[in-house]
Amino acid sequence: MSDFINELKWRGMIQDIMPGTEEQLKKEITTAYVGFDPTADSLHIGSLVPILLLVHLQKAGHKPIALVGGATGMVGDPSGKSEERNLLSEEVLNYNVACVKKQLEQFLNFDPSLPNAAELVNNYDWFKGISFLEFIRDTGKHITVNYMMAKDSVKKRLEGESGMSFTEFTYQLVQGYDFYWLYNNKNCKLQMGGSDQWGNIVTGTELIRRKSGGEAFAFTCPLIKKSDGGKFGKTEKGNIWLDPQKTSPYQFYQFWLNASDEDAAGWIKIFTFIGREEIEQIIQQHQTDPSQRLLQKNLAEAVTVFVHGREEYEKALETTQKLFSNQKAPAESLSVEDLESIEGIVKSSYPLEKIQQGTEVLNFLTETAIFESKGAARKMLQNGGISINRTKLSDIQLVVNSAHLLHDKFILVQVGKKNYYLVVAE
RNA sequence: GGGCAGUUACCAGAGUGGCCAAAUGGGGCGGACUGUAAAUCCGCUGUCUUCGACUUCGGUGGUUCGAAUCCACCACUGCCCA
């Protein structure tokens, strides 16, 4: 259990670390927590790193606590936000909390026979019983406004144009209280999180020191960015979610497979449990022939298996191979079985009758919901971004008819290079 | 409550009576080149069935042949004062 920090260090998963943290972890089985915001009904891959911190922690023999912010979610974390956020309704929040809880459960081991069994808590459970007066007298009294204003998350907003509500200003105290509560009730001595959480975390350790005279520790992991400066985890379709209903395992796999070389080399350390030597070997092999994209393949495999399981990974891989391995081959070479078993790409159905009569492409593309409007479809087509059965379209007047059907049943539509749609005529 | 500044498309930000669906940059999407990469170059980026039409510049009214632009009121935001 001693090499936990070292393990994270070589993986590049430690940004800031409080002095004494390593010693604490070496001394005894330590309980540590990470908080998750219920801002949506699913976690996305941005939350994957904190989850991995907990998994690494448990692997190293320590006890992980995953906290879902039922209470903090009602306040709104100002960290990294340039503007005040809208509050979620309680109803939505409760639903999100339930969803996020469910997702977290699959990554940690909750077996109660383990000395370091994972635990899942909701900070609403202890906040619901605390009155406002109680809170400002017992907790607020220990932290000065001067201290709170010095935090980056607050300072930026004070200097910026949009200001900050009292609600969001209070956030760090509320989160700090979580740590204090867990320290006293669960003997939790360590908090982890993204580096944007550093300020909030430190308020927690400060509160523990001033209120109970105890010592608590913390470290943060760097926020993941793409080497080109873009936002991590976003694609044209939005966030990459962990929920397979929102992001299919195939799309999930594709996201990792599309990582740039530079990103993949860093990400494989952070997002997989592959050992150091093996990773170095993969990187080396990758460099001898980058076009094989060994790095990306290994990365995508490991993460997809971790989140969706091996079976879903196999399907995603199979779909990938069908769609990409023989790109030059005519679409006709795909068998009925191939087409029928393609998983994870967007499928839509279309009346067979209409195809037999012949439909104009633009109608076809909008009526299958591949495009929202004819204008959008037209622009894409004129830009050369649409293929049907792997043949690029150039004619707006084209009529889609029976001749386009593969095996009398399917039409494979591509938007751009990577976005596939399978239209089933029936 | 008083004073000042502001509110423009996904974001930032120009535009201060007609030439404005609105400069520019970023982001996003598509294309070429590649390796389903990066860099580079090119195109698209309010809505709609192309030409063209329609709806936008915080809201509501008004002035005007004509308003993002002028006026009035309201709302919101920021800064300063009480």
Side-chain angles (χ1 to χ4, degrees), chain A residues 80-86 156-166 168-169 225-240 250-268 282-283 285-301 304 316-329 342 344-345 359-367 370-388 390-399 412-421:
Chain A
K81 304 281 185 313
S82 61
E83 267 176 36
E84 186 84 12
R85 287 192 290 171
N86 291 325
K156 274 192 189 134
R157 290 279 288 273
L158 293 178
E159 285 162 3
E161 293 220 321
S162 57
M164 175 182 226
S165 68
F166 179 71
E168 287 196 6
F169 177 63
K225 271 198 260 162
K226 292 204 287 178
S227 53
D228 60 10
K231 271 197 195 117
F232 170 74
K234 296 258 186 182
T235 65
E236 75 276 13
K237 289 184 192 74
N239 276 320
I240 303 291
Y250 165 76
Q251 288 162 341
F252 187 86
Y253 177 79
Q254 282 287 321
F255 170 80
W256 297 101
L257 195 67
N258 278 313
S260 70
D261 292 3
E262 213 175 314
D263 288 336
W267 292 355
I268 198 168
I282 294 170
I283 291 178
Q285 277 184 41
H286 177 87
Q287 277 160 353
T288 58
D289 186 3
S291 68
Q292 283 303 307
R293 290 179 307 129
L294 254 185
L295 258 176
Q296 285 89 338
K297 283 178 188 165
N298 276 286
L299 170 69
E301 174 182 349
T304 309
L317 181 66
E318 210 179 304
T319 300
T320 296
Q321 279 163 353
K322 278 175 202 157
L323 295 177
F324 288 95
S325 63
N326 256 324
Q327 258 190 322
K328 302 267 152 42
I342 282 176
I345 70 168
T359 359
E360 288 175 42
V361 231
L362 293 181
N363 288 328
F364 175 74
L365 289 172
T366 47
E367 282 162 24
I370 293 172
F371 282 93
E372 272 175 25
S373 73
K374 291 186 183 176
R378 172 181 291 111
K379 278 173 195 161
M380 187 61 76
L381 202 152
Q382 283 169 338
N383 266 321
I386 297 179
S387 300
I388 283 185
R390 287 188 177 156
T391 309
K392 190 172 278 190
L393 300 188
S394 52
D395 180 14
I396 292 199
Q397 313 293 329
L398 181 84
V399 173
L412 190 63
V413 182
Q414 260 170 287
V415 179
K417 239 182 283 187
K418 305 172 197 170
N419 306 303
Y420 283 91
Y421 299 84

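In what follows, every heavy atom counts, from backbone to side chain, and hydrogens, waters and symmetry copies are set aside. Throughout, a chain's letter reflects where its sequence line sits, starting with A, and its residues are numbered from 1.
For the pair A:N258 and B:A38, the criterion of a side-chain N or O lying under 4.0 Å from OP1 or OP2 is not met.
No side-chain donor-acceptor contact under 3.5 Å links A:Y250 to the backbone of A:T319.
For the P atoms, the distance linking B:A67 with B:U55 amounts to 13 Å, nearest Å. If you take atom P in B:C20 and the same atom in B:G26, they sit 23 Å apart, rounded to whole Å. Straight-line distance between the C1' atoms of B:U77 and B:G59: roughly 15 Å, to the nearest whole Å. The C1' atoms of B:C57 and B:C70 are separated by 16 Å, rounded to the nearest whole Å. Look at the P atom in both B:U36 and B:G43: the space between them is 26 Å, to the nearest Å. Comparing the same atom, C1', in B:G58 and in B:A53 gives a spacing of 27 Å after rounding to whole Å. B:C71 and B:U64: their P atoms are spaced 15 Å apart (whole Å). When the C1' atom is compared between B:G15 and B:U56, the two are found 15 Å apart, to the nearest whole Å.
Residues satisfying the salt bridge (Lys or Arg N to Asp or Glu O under 4.0 Å) test with A:E318, not counting sequence neighbours, are A:K322. Listed by chain and residue number, A:N258, A:F324 satisfy the side chain to side chain contact (heavy atoms under 4.5 Å, CB included) test with A:K418 (two or more places apart in sequence, or in another chain). Under the side chain to side chain donor-acceptor pair (under 3.5 Å) criterion, A:D263 pairs with A:S227, A:S260, not counting sequence neighbours. Residues passing the side chain to side chain donor-acceptor pair (under 3.5 Å) test with A:N383: none are found, sequence neighbours excluded. For A:K379, there are no salt bridge (Lys or Arg N to Asp or Glu O under 4.0 Å) partners two or more places apart in sequence or in a different chain. The salt bridge (Lys or Arg N to Asp or Glu O under 4.0 Å) search around A:E360 returns none, not counting sequence neighbours. Residues satisfying the side chain to side chain contact (heavy atoms under 4.5 Å, CB included) criterion with A:A300, sequence neighbours excluded, are A:Y253, A:W256, A:L257.
A:K392 comes within 4.0 angstrom of sugar-phosphate atoms only, judged by non-hydrogen atoms across all strands, and of no base.
A donor-acceptor contact under 3.5 Å is formed by the side chain of A:Q254 with the base of B:U36.
Following rounding to the nearest Å, A:M380 (CE) and B:C29 (C1') show an atom-to-atom distance of 6 Å. The interatomic distance linking A:I370 (CD1) with B:G30 (P) rounds to 14 Å, in whole Å. With rounding to whole Å, A:K418 atom NZ is found 11 Å from B:G35 atom C1'. Atom CG of A:L381 and atom C1' of B:G31 are 13 Å apart (whole Å). Per the geometry, CZ belonging to A:R293 stands 11 Å off P belonging to B:A38, to the nearest Å.
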Contact letters for nucleotides 41-51 of chain B, in which S counts primed atoms plus P, OP1 and OP2 and B counts the base, heavy atoms under 4.0 Å: --BS---SSS-
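Taking every side-chain heavy atom of A:K417 into account, B:U34 is the closest of B:U34, B:G30, B:G35. The side chain of A:D261 lies closest to B:G35, out of B:G30, B:G35, B:A32.
Under the Watson-Crick or G-U wobble criterion, with both distances below 3.5 Å, B:G66 is left unpaired in every strand shown. Within the shown strands, nothing qualifies as a pairing partner of B:A38 under the Watson-Crick or G-U definition with both distances less than 3.5 Å. In this structure, B:C4 forms a base pair with B:G78, meeting either the Watson-Crick or the G-U wobble geometry with both donor-acceptor distances under 3.5 Å.
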Table of protein N/O atoms under 3.5 Å from nucleotides 53-55 of chain B N/O atoms:
none

Passes side-chain contact (heavy atoms from CB on, under 4.5 Å), A:I396 versus A:V361? Steps please. CA-CA 7 Å; A:I396 292 199; A:V361 231; 5.8 Å; no
